[in-house]
Amino acid sequence: MNINGLTKKNKSGKGQQADPAGPGSGVRLTIYLEQTLNNIITELGDSPDLRIRQVKLGEESVVEAAAVHLNGLAKTETVNQFVMGSLLSITDEMLKESNTAANNLNDLILNRALEIGEAQLQEDWNEVLLGILSGKTLILIEGYDSGIMCETEGGEARSVTEPSTQLVVRGPKDSFVESLATNVSLIRRRIRSPKLRLEHVKIGSVTQTDVALMYIKNTADEKLVEEVRKRLQQINVDAIMESGYIEELIQDKTFTPFPTINNSERPDVAATNLLEGRVVIVVDGTPFVLILPAVFTLFFQSASDYAQRFDIAILMRIIRYISFIVLILGPSVYIALTTFHYEMIPTTLLINLLSQRENVPFPAFVEAILMEGAFEIIREAGVRMPRAVGQTVSVVGALILGQAVVEAGIITPVMVIVVALTGIASFAIPAYNMAIAGRIIRFGFLILAGMFGFYGITLGLIVLVAHMNSLRSFGVPYLSPIVPLSSRGQKDAVLRLPLWALGTAEPAPATAQQGNISEGKEITTGHEQNLSPKILDKTKGTQPHKKGKQDSE
């Protein structure tokens with residue numbers, strides 16, 4: 001290879017004339033090493049974390065080469081040992097062979113010298129920049145207008161720890177992290193099946209965020225998978241910083257307080273939903289994955305339901321549904337009773353309530369609005385406070401505030417009890433986004449109760465149920481398996497029957513010594529919802545998303 005002459009080898013090993021314009025001609029990946037390095041430096045703004053190591057290959061026929069990576073994104077040990085070590089081990093025989101063999105020097109390095117696990121030739125300028133910004137290392141050789149991209153991603157990452165928002169008493173204690181590769185591996189450890197499919201897509205014209213689509217072939221409906229894939233591909237935004245961005249851009253209906261896509265930071269929950277035929281979306285940079293489609297009853301199920309006996313799980317689920325009813329109707333029922341429907345209150349209790357209200361200047365509706373607003377402020381402040389003092393300050397602040405407003409004659413003691421019970425009920429719901437939906441709906445019922453009493457509450461319930469019945473999550477009715485009614489889905493909707501009753505498995509015979517399931521039977525794993533085999537047959541009204549705009553169904 002004539003380095004100093006006019007003839008140099010391109011990516012295919014064939015000779016080409018040197019660019020007469022020389023450096024600065026506008027060509028990005030060129031046969032001139034220095035020009036390519038300068039282009040990279042200029043494109044990245046002469047960033048101080050850009051690392052360029054130039055070396056000379058061989059002893060007799062010296063060839064200049066360079067390795068380029070970003071400090072902090074690439075793993076330094078991998079770059080030093082497997083990239084630089086491989087380059088410096090190239091002998092004169094390999095350099096001479098590159099002049100005569102069908103393969104050029106890039107191919108010889110890639111196939112015979114490079115000791116790293118994954119590497120590929122790359123000639124596209126945009127892909128080269130994206131690779132460097134993703135933590136890969138680029139190898140450039142003088143005289144070739146292509147480079148070798150080496151998988152050296154590393155840097156600091158949070159280790160797998162216990163979930164912080166979805167805690168369970170009994171069950172797995174690991175959670176997702178901010179690394180997409182780690183999150184995918186946590187799911188694969190639980191589903192060791194070749195039918196588990198993984199598809200990658202980059203979303204965000206600026207951030208180029210890695211997004212993974214996971215499903216089980218022949219278990220997830222093909223129409224569902226295709227619809228999710230199409231909506232992801234049609235997203236056109238600058239940045240994706242969290243899975244919530246994806247959720248808002250692909251959901252069926254935007255203007256609703258109810259979440260139509262579930263999220264979880266627990267790998268066991270994601271794996272269970274995959275086994276039920278759902279699709280999981282993993283976004284790089286966030287520990288929360290998206291699970292779809294999602295129905296109303298799914299948000300009241302916890303991972304601990306399947307680690308406990310079925311009778312305990314039934315009791316816990318009933319408590320959660322009651323808590324949701326208390327959350328949305330508790331204060332409004334109190335307002336309706338004390339404002340319009342005195343006759344429904346026992347006489348003794350009514351006398352006590354009236355005596356408490358003698359010195360209170362506000363009606364019950366204003367009391368409720370003041371207390372609910374103060375409670376929401378305290379709740380939000382508790383999230384933002386430092387962890388060391390946040391919980392203490394929020395609890396003490398609520399007690400002091402409640403006692404002060406009662407002694408000042410602004411709020412009645414019963415109203416403090418009602419608001420406190422409502423706040424506690426919101427924490428009994430496993431899904432945080434469903435609890436937020438209940439908190440929003442609660443204020444609507446407060447207004448209806450303050451204006452019309454129980455008539456307003458009844459009207460609000462009718463509108464609420466009608467709205468929920470109109471919702472779809474990727475074609476699945478939001479209230480299924482209750483509406484439309486499915487006897488199969490009732491096995492694990494409000495109640496949770498024993499595992500052997502959820503599918504084809506049977507309990508072990510009483511004479512079994514080991515307690516094993518009878519041979520030839522199959523155990524189902526977890527909370528089956530009524531996911532129809534043709535899950536998207538009901539998507540007639542669902543329009544494809546264009547350029548990231550939400551469907552305003």
Side-chain angles (χ1 to χ4, degrees), residues 1-19 23 27-41 44 49-71 73-125 127-154:
M1 180 172 56
N2 187 6
I3 299 299
N4 298 319
L6 295 178
T7 302
K8 300 190 179 183
K9 292 186 177 180
N10 60 11
K11 59 188 176 183
S12 60
K14 297 179 181 180
Q16 74 171 18
Q17 294 298 320
D19 188 357
V27 180
R28 298 297 188 171
L29 277 178
T30 69
I31 58 177
Y32 298 99
L33 178 62
E34 290 297 332
Q35 179 181 348
T36 302
L37 293 178
N38 290 333
N39 289 336
I40 294 176
I41 294 174
L44 297 181
D49 59 347
L50 181 64
R51 299 290 185 265
I52 299 177
R53 172 73 187 280
Q54 294 185 254
V55 295
K56 296 184 183 297
L57 310 181
E59 296 180 359
E60 298 179 1
S61 303
V62 177
V63 178
E64 293 184 0
V68 184
H69 70 277
L70 283 175
N71 185 35
L73 293 181
K75 193 173 182 179
T76 305
E77 295 80 2
T78 304
V79 175
N80 294 339
Q81 181 176 357
F82 298 106
V83 177
M84 300 307 304
S86 300
L87 288 178
L88 295 176
S89 64
I90 296 177
T91 61
D92 291 324
E93 287 73 12
M94 293 185 61
L95 296 179
K96 294 178 182 179
E97 186 178 353
S98 66
N99 285 326
T100 58
N103 293 329
N104 58 21
L105 184 56
N106 267 342
D107 294 328
L108 289 174
I109 294 175
L110 182 64
N111 299 324
R112 295 174 54 183
L114 201 58
E115 298 181 3
I116 201 163
E118 184 176 352
Q120 61 181 353
L121 285 175
Q122 186 59 255
E123 59 188 40
D124 183 79
W125 173 253
E127 292 296 328
V128 166
L129 290 180
L130 180 60
I132 295 175
L133 293 170
S134 300
K136 299 179 181 179
T137 299
L138 173 66
I139 297 177
L140 296 172
I141 306 297
E142 175 73 24
Y144 294 87
D145 58 358
S146 62
I148 303 175
M149 297 300 303
C150 305
E151 297 288 341
T152 57
E153 290 93 334

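One is the number of the first residue; the rest follow in order along the sequence. Quick note: numbers below take in every heavy atom, side chains included, and nothing from hydrogens, waters or symmetry partners.
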[Y] and [X], any side-chain heavy atoms less than 4.5 Å apart:
X	Y	answer
N80	E77	no
I40	W125	yes
I139	N106	no
I90	V63	no

Give, for atom [atom1] of [X] and atom [atom2] of [Y], the distance between the pair rounded to the nearest 0.5 Å.
X	Y	atom1	atom2	value
I148	Q122	CD1	CD	11.5 Å
T36	I141	OG1	CD1	11.5 Å
I109	L57	CD1	CG	6.0 Å
D124	S146	CG	OG	12.0 Å
D107	Y144	CG	OH	8.5 Å
N39	L29	CG	CG	8.5 Å

Side chains of E142 and Q54: any donor to acceptor distance under 3.5 Å? no
Expected output: side-chain T152 to main-chain G135 donor-acceptor under 3.5 Å: yes
Counting N and O atoms only, with roles assigned by atom type, does the side chain of T137 sit under 3.5 Å from a partner on the main chain of H69, one being a donor and the other an acceptor? no
Begin with the C-alpha distance, continue with both residues' side-chain angles, and end with the deciding distance and a verdict on side-chain contact (heavy atoms from CB on, under 4.5 Å) for V68 and V128. CA-CA 10 Å; V68 184; V128 166; over 6 Å; no
Between L70 and L50, does the side-chain contact (heavy atoms from CB on, under 4.5 Å) criterion hold? Intermediate values first, please. CA-CA 5 Å; L70 283 175; L50 181 64; 3.9 Å; yes
Specify the closest pair of heavy atoms between M149 and G131, including all atoms of both residues, with the distance to one decimal. CE-CA, 3.6 Å
A74 versus V79, closest heavy-atom pair with distance: CB-CG2, 4.1 Å
Sequence-distant partners of E151, salt bridge (charged side-chain N to carboxylate O under 4.0 Å, His left out), two or more places apart: K136
Full working for side-chain contact (heavy atoms from CB on, under 4.5 Å) between D92 and L95: CA-CA 5 Å; D92 291 324; L95 296 179; 4.1 Å; yes
Test side-chain contact (heavy atoms from CB on, under 4.5 Å) applied to I132 and L73, step by step: CA-CA 9 Å; I132 295 175; L73 293 181; over 6 Å; no
